[in-house]
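Reading through the structure tokens given below for one structure.
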Amino acid sequence: MFYRSFAKICDPVKKFESLVFQRMKAQLQHLLEQSLSALKQQGVLPEDFSPRIQVDRTKDISHGDLATNLALMAAKPAKQNPRALAQALVDNLPSSALVEKTEIAGPGFINFYLNPNWLSEQVSQMAKSERCNVAKAQQLQTVVVDYSAPNVAKEMHVGHIRSTIIGDAVVRTLEFLGHNVIRANHIGDWGTQFGMLIANLEDLEQGQGEDNIDLADLEAFYREAKQRYDSDEVFAERARNYVVKLQGGDEYCQKMWKKLIDITLDHNQAVYDRMNVSLSKQNVMGESQYNAMLPGIVEDLLAQKLAEEDQGAIVVRLDEYKNKDGDPMGVIIRKKDGGYLYTTTDIACAKYRVQELGADRVMYFIDSRQHQHLMQAWTIVRKAGYVPENVPLEHHAFGMMLGKDGRPFKTRSGGTVKLVDLLDEAQERASQIVEEKSQYLEPQERQHVASVLAQASVKYADLSKNRTTDYIFDWDNMLAFNGNTAPYLLYAYSRIQSIFRKAEIDQQGFSAPIILEHDAEVALAQKLLQFSDTVNAVANKGMPHMMCNYLYELAGSFMSFYEACPILKDGTSEADKNSRLQLATITAKVIHQGLDLLGIETLERM
RNA sequence: GCACCCGUAGCUCAGCUGGAUAGAGCGUCGCCCUCCGGAGGCGAAGGUCACAGGUUCGACUCCUGUCGGGUGCGCCA
């Protein structure tokens with residue numbers, strides 16, 4: 001069945017040329033390790049002392065560029081004063097091109113000052129690198145990412161936006177690092193509501209003719225079916241009948257059901273395309289896909305004595321969760337009428353992803369209300385041995401979308417806000433801004449700018465927040481040109497493009513030695529080198545807001561640099577001009593790459 | 001009743017694996033226009049990190065309790 005098309009397991013990821021970039025933290029860690037083992041040989045430290053060596057960026061330049069607390073951690077096992085130990089660590093540190101000098105500060109921190117020559121070399125490499133110095137992951141994994149998950153016969157609404165956008169950004173980031181990513185769109189395509197939907201579709205077809213069905217407004221269709229189900233007993237009876245027949249595999253009902261799915265997927269795809277979300281119909285893995293697995297799972301859980309019968313239903317008792325009497329909570333996996341529940345589906349789903357798709361890691365981008373439910377399902381999954389302990393099942397939760405007034409985000413009449421309406425409004429607001437501020441652009445380009453701006457603003461507003469609780473949706477905030485917003489980043493990017501236009505230099509192929517003299521130049525160079533760490537952090541934690549924060553800081557560093565270090569002004573030496581153009585072009589490249597990983601386009605002019 | 005999530009500046013949010021003086025933007029108040037796109041930059045004011053204990057050389061971060069908010073909890077998904 002087409003809609004069940006399992007994601008094909010991709011070809012084994014090609015052996016890539018591993019880009020060997022000296023990462024500053026890793027290199028320092030290595031140096032410290034050597035110093036540590038020297039001290040062990042000298043008997044200063046016990047042999048079995050092997051801490052995780054921590055190297056951090058400092059917050060204040062007076063503390064150097066990087067620092068370690070290693071001496072503080074080692075003080076106790078060494079039975080030594082931390083500062084004295086810090087000195088011993090420094091004395092045994094091999095010399096390196098990376099470090100210009102070290103300092104011992106405070107209670108026993110070791111501060112490292114980076115060699116500016118080393119810095120400029122690294123940044124120069126970045127200019128040549130296709131990947132902005134981001135190496136592919138050393139251990140390539142198959143990662144299943146569950147996101148978006150709208151319902152059949154309903155239109156996508158604001159409740160789906162966060163899962164869709166954040167999930168898509170994480171997917172792009174993982175793929176950039178070389179992982180084999182399987183997008184899983186777990187659409188709600190099963191359940192008792194299909195009886196009334198089929199019945200309603202049937203009536204609609206009889207009225208309009210089978211081929212003339214126009215379900216432009218899925219919401220209205222769903223509401224109508226529900227309303228008839230609640231008020232018309234004859235209709236309700238027919239609906240209940242269809243549920244049974246559908247579950248029994250009745251051909252006619254299956255056909256009608258597929259029709260509903262098909263119509264919905266077309267709606268959804270239009271929204272995904274409009275939002276530049278990388279999902280396609282091939283990524284649909286709906287709930288119904290797991291139906292065939294459910295009987296076997298229940299039997300297996302019974303056989304394993306994890307499940308038992310209780311009042312006709314099959315129940316798994318979990319000591320980890322208590323019910324209101326303080327007894328182990330029973331999770332029903334099969335109703336007394338023989339029907340299955342979504343917990344059973346989610347058990348099957350996790351099992352399938354690991355056993356059939358070969359996942360090394362599974363990430364779920366689902367709202368926080370599902371948390372407890374997922375934990376229960378996964379507890380059972382672990383106990384039954386369907387997913388080994390070394391394969392993480394991760395729930396990346398988020399809260400509800402609230403309006404500026406702190407109340408649930410609704411239409412004026414109190415209805416759910418459809419995603420298309422939200423995008424339309426974004427488009428309108430962005431157009432207004434562009435009409436006002438970009439009059440020098442041709443109308444056609446203005447329209448393009450407005451649509452990129454709209455899409456970017458909506459997506460970025462979501463991506464830049466890390467709340468697991470409810471969050472506030474505010475048009476004015478997300479469309480502002482100040483602060484951590486898409487417009488600010490797009491502006492910074494387009495401004496760099498304009499420097500090159502003005503200088504009449506092609507960025508492609510431009511190359512010049514980098515000179516780091518001014519504080520602002522050094523700060524910008526250091527910020528550029530943090531890109532690789534940021535990409536990895538987003539992938540490891542599934543948190544795209546870390547990329548947003550980074551890009552915002554980068555743009556800020558660039559703006560400060562641009563203010564302090566003239567590029568095309570008279571009085572700037574040729575060498576400085578070229579060096580600064582080089583820094584500008586790398587900055588643009590990183591912003592472009594970073595936004596691309598977030599699923600956001602850039603603008604050459606705005 | 002039980003469970004999960006959360007509580008950081010007036011507002012919206014950061015704060016990475018426990019590190020040095022808790023950071024941005026908006027708003028408020030200043031400064032910088034013979035300016036490379038002012039859609040910008042620089043600065044000031046604004047904090048009992050909900051509260052109370054504990055662990056630690058060191059806690060916004062970890063543990064316990066209290067208060068406050070959100071959400072969920074046997075036959076819907």
Side-chain angles (χ1 to χ4, degrees), chain A residues 52 54 56-60 62-63 67-69 72-73 75-76 82 105-109 111 151 188 190-193 287 310-317 320-326 329-337 339-343 345-346 367-373 375-376 397-400 402 404 406 433 436-438 440 461 464-472 474 476-478 480-485 487-488 490-492 494-495 498-499 501-503 533-534 537 540-541 543 545-546 548-549 552-553 556 559-560 562-564 566-570 572 605-606:
Chain A
R52 191 173 45 75
Q54 201 171 320
D56 292 312
R57 292 194 295 275
T58 55
K59 283 180 191 153
D60 192 312
S62 69
H63 297 136
T68 183
N69 59 0
L72 292 163
M73 293 175 74
K76 204 165 251 182
F109 292 105
N111 295 334
N151 295 312
W190 201 246
T192 47
Q193 74 275 24
E287 293 171 341
D310 183 3
Q311 297 164 48
I314 307 298
V315 177
V316 179
R317 294 203 191 283
E320 294 84 350
Y321 300 88
K322 303 271 190 262
N323 66 16
K324 50 191 136 197
D325 301 324
M329 177 181 277
V331 180
I332 293 180
I333 56 172
R334 195 177 75 196
K335 296 187 283 181
K336 65 180 172 198
D337 69 3
Y340 300 95
L341 291 110
Y342 79 142
T343 301
T345 300
D346 278 323
D367 86 79
S368 58
R369 285 174 299 189
Q370 306 284 341
H371 187 70
Q372 196 173 13
H373 154 72
M375 291 307 131
Q376 288 171 355
F398 46 84
M400 268 196 323
L402 305 179
K404 203 173 181 174
I433 293 170
E436 218 171 277
K437 301 193 169 174
S438 307
Y440 68 100
S464 61
K465 288 182 178 67
N466 182 36
R467 285 295 162 107
T468 53
T469 41
D470 298 347
Y471 60 105
I472 311 272
D474 179 358
D476 297 328
N477 261 341
M478 73 178 74
F481 281 81
N482 301 315
N484 191 5
T485 65
Y488 178 81
L490 293 177
Y491 171 68
S494 72
R495 202 169 168 187
S498 104
I499 296 169
R501 274 197 299 276
K502 176 156 185 137
D533 284 341
T534 306
N540 291 339
K541 296 179 195 295
M543 293 179 169
H545 83 284
M546 297 174 94
C548 297
N549 284 345
Y552 178 54
E553 286 169 13
M559 289 299 189
S560 304
Y562 191 51
E563 202 77 13
I567 299 178
L568 302 179
K569 278 187 181 172
D570 290 344
T572 306
R605 300 197 297 175
M606 60 190 287

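In what follows, chains are A, B, ... by sequence order, proteins preceding strands, each numbered from 1.
As the counterpart of rG27(B), no nucleotide is assigned, since no Watson-Crick or G-U wobble pattern has both distances under 3.5 Å. In a base pair of the Watson-Crick type (N1 to N3 plus N6-O4 or O6-N4) or a G-U wobble (N1-O2 and O6-N3), with each distance short of 3.5 Å, rG19(B) is matched with rC57(B). The partner of rU71(B), taking Watson-Crick or G-U wobble pairs whose two distances both stay under 3.5 Å, is rA3(B). Partner assigned to rU34(B) is none, using Watson-Crick or G-U wobble distances below 3.5 angstrom. When both distances must be under 3.5 Å, the Watson-Crick or G-U wobble mate of rU64(B) is rA52(B).
A donor-acceptor contact shorter than 3.5 Å links the side chain of Ser368(A) to the backbone of Phe398(A). Not a single donor-acceptor pair under 3.5 Å links the side chain of Ser464(A) to the backbone N or O of His545(A). With hydrogens and angles ignored, the 3.5 Å screen pairs a side-chain donor or acceptor of Thr485(A) with a backbone N or O of Ala480(A).
If you check every strand for non-hydrogen atoms under 4.0 Å, Ser368(A) touches nothing. In this structure, Asn477(A) reaches the sugar-phosphate backbone alone: every heavy-atom distance under 4.0 Å involves primed, P, OP1 or OP2 atoms, never a base. Here Asn466(A) lies in heavy-atom contact (under 4.0 Å) with sugar-phosphate atoms only. If you check every strand for non-hydrogen atoms under 4.0 Å, Ala313(A) touches a base. Heavy atoms of Lys336(A) sit under 4.0 angstrom from at least one base atom. Looking at heavy-atom distances under 4.0 Å, Tyr340(A) makes contact with sugar-phosphate atoms alone, never a base. The residue Ala75(A) sits apart from the nucleic acid: no heavy atom pair falls under 4.0 Å. Among the heavy atoms of the strands lying under 4.0 Å from Ser494(A) is at least one base atom, whether or not backbone atoms are also near. Met400(A) comes within 4.0 angstrom of nothing in the nucleic acid, heavy atoms only. Residue contacts shown for Ala105(A) include a base, since a base heavy atom lies under 4.0 Å away. Across all strands shown, His371(A) has heavy atoms under 4.0 Å from sugar-phosphate atoms exclusively, and none from any base. Among the atoms of the strands shown, base atoms are found under 4.0 Å from some heavy atom of Leu72(A). Glu287(A) comes within 4.0 angstrom of sugar-phosphate atoms only, judged by non-hydrogen atoms across all strands, and of no base. Contact annotation for Arg467(A): base contact, defined as any heavy-atom pair under 4.0 Å involving a base atom.
For rA22(B) and rU61(B), the P atoms lie 14 Å apart once the distance is rounded to whole Å. Going from the C1' atom of rA59(B) to that of rG15(B) covers 13 Å, rounded to whole Å. Spacing between rC31(B) and rG70(B) at atom C1', rounded to whole Å, works out to 44 Å. Taking atom C1' on both rU8(B) and rG68(B), the two are 15 Å apart, rounded to the nearest angstrom. Spacing between rA3(B) and rG47(B) at atom C1', rounded to whole Å, works out to 33 Å. Taking atom C1' in both rC13(B) and rG72(B), one finds a spacing of 26 Å when rounded to whole Å. The separation of rU21(B) from rC49(B), taken at their P atoms, amounts to 14 Å, rounded to a whole angstrom. Comparing rG27(B) with rC33(B), their C1' atoms are spaced 24 Å from each other, to the whole Å.
Note: Asn69(A) CG to Asp56(A) CG = 7.0 Å, rounded to the nearest 0.5 Å. Rounding to the nearest 0.5 angstrom, the gap separating the CD1 atom in Ile499(A) from the OH atom in Tyr562(A) is 3.5 Å. If you take CD1 on Ile333(A) and CG on Leu341(A), they are separated by 9.5 Å, rounding to the nearest 0.5 Å. A distance of 4.0 Å separates CG of Asp476(A) from NZ of Lys404(A), quoted to the nearest 0.5 Å. From Ser498(A), atom OG reaches atom CZ of Arg495(A) across 7.5 Å, with rounding to the nearest 0.5 Å.
Checked against rG38(B), rC35(B), rA14(B), the side chain of Tyr491(A) finds its nearest nucleotide in rG38(B). Nearest to the side-chain atoms of Arg495(A) among the listed nucleotides rA20(B), rG40(B), rU21(B) stands rG40(B). Here rC76(B) is the nucleotide among rG40(B), rC42(B), rC76(B) with the atom lying nearest to any side-chain atom of Lys335(A). You'll find that the side chain of Lys76(A) is closest to rU56(B), out of rG41(B), rU56(B), rA39(B). If you check rG37(B), rC13(B), rG74(B) against the side chain of Ile332(A), the one that comes closest is rG74(B). Nearest nucleotide to the Phe481(A) side chain, out of rA39(B), rG37(B), rG19(B): rA39(B). When distances run from any side-chain atom of Met559(A) to the nucleotides rC36(B), rG37(B), rG40(B), the shortest one goes to rG40(B). With rG74(B), rG37(B), rC75(B) as the candidates, the nucleotide lying closest to the side chain of Met606(A) is rG37(B). Checked against rG19(B), rG40(B), rG74(B), the side chain of Asn69(A) finds its nearest nucleotide in rG19(B). Of the candidates rG70(B), rG19(B), rU71(B), rU71(B) carries the atom nearest the Arg369(A) side chain, counting heavy atoms from C-beta on.
Between Tyr342(A) and His373(A), the angle of the ring planes stays under 30°, which puts this pair in the parallel group of the 30/60° scheme.
Checked by distance alone, Thr469(A) brings no side-chain donor or acceptor within 3.5 Å of a matching partner on the base of rG70(B). Put simply, the side chain of Tyr342(A) and the base of rA77(B) share a donor and an acceptor less than 3.5 Å apart. Side-chain atoms of Ser438(A) come within donor-acceptor range of the base of rA39(B), with a qualifying N/O pair under 3.5 Å. Below the 3.5 angstrom threshold, one finds no donor paired with an acceptor across the side chain of Tyr471(A) and the base of rC13(B). The base of rA24(B) is not paired with the side chain of Asn482(A) by any donor and acceptor separated by under 3.5 Å.
The nearest whole Å value for the distance from the NZ atom in Lys465(A) to the C1' atom in rC26(B) is 12 Å. Spacing between atom CZ of Arg334(A) and atom C1' of rA77(B) amounts to 19 Å, rounded to whole angstrom units.
The ring of Tyr552(A) has its center closer than 6.0 angstrom to the ring center of Tyr488(A).
Put simply, Thr468(A) has no side-chain N or O that comes within less than 4.0 Å of OP1 or OP2 on rC5(B).
Both Lys502(A) and Thr68(A) lie near RNA chain B, and the one whose nearest nucleotide falls closer to the 5' end is Thr68(A). Each of Ile433(A) and Lys59(A) has a nearest nucleotide on RNA chain B; the 5'-most of these lies closest to Lys59(A).
Judged by ring centres under 5.5 Å apart and planes tilted less than 30 degrees, Tyr488(A) fails to stack against the six-membered base ring of rA39(B). Judged by ring centres under 5.5 Å apart and planes tilted less than 30 degrees, His545(A) fails to stack against the six-membered base ring of rA14(B).
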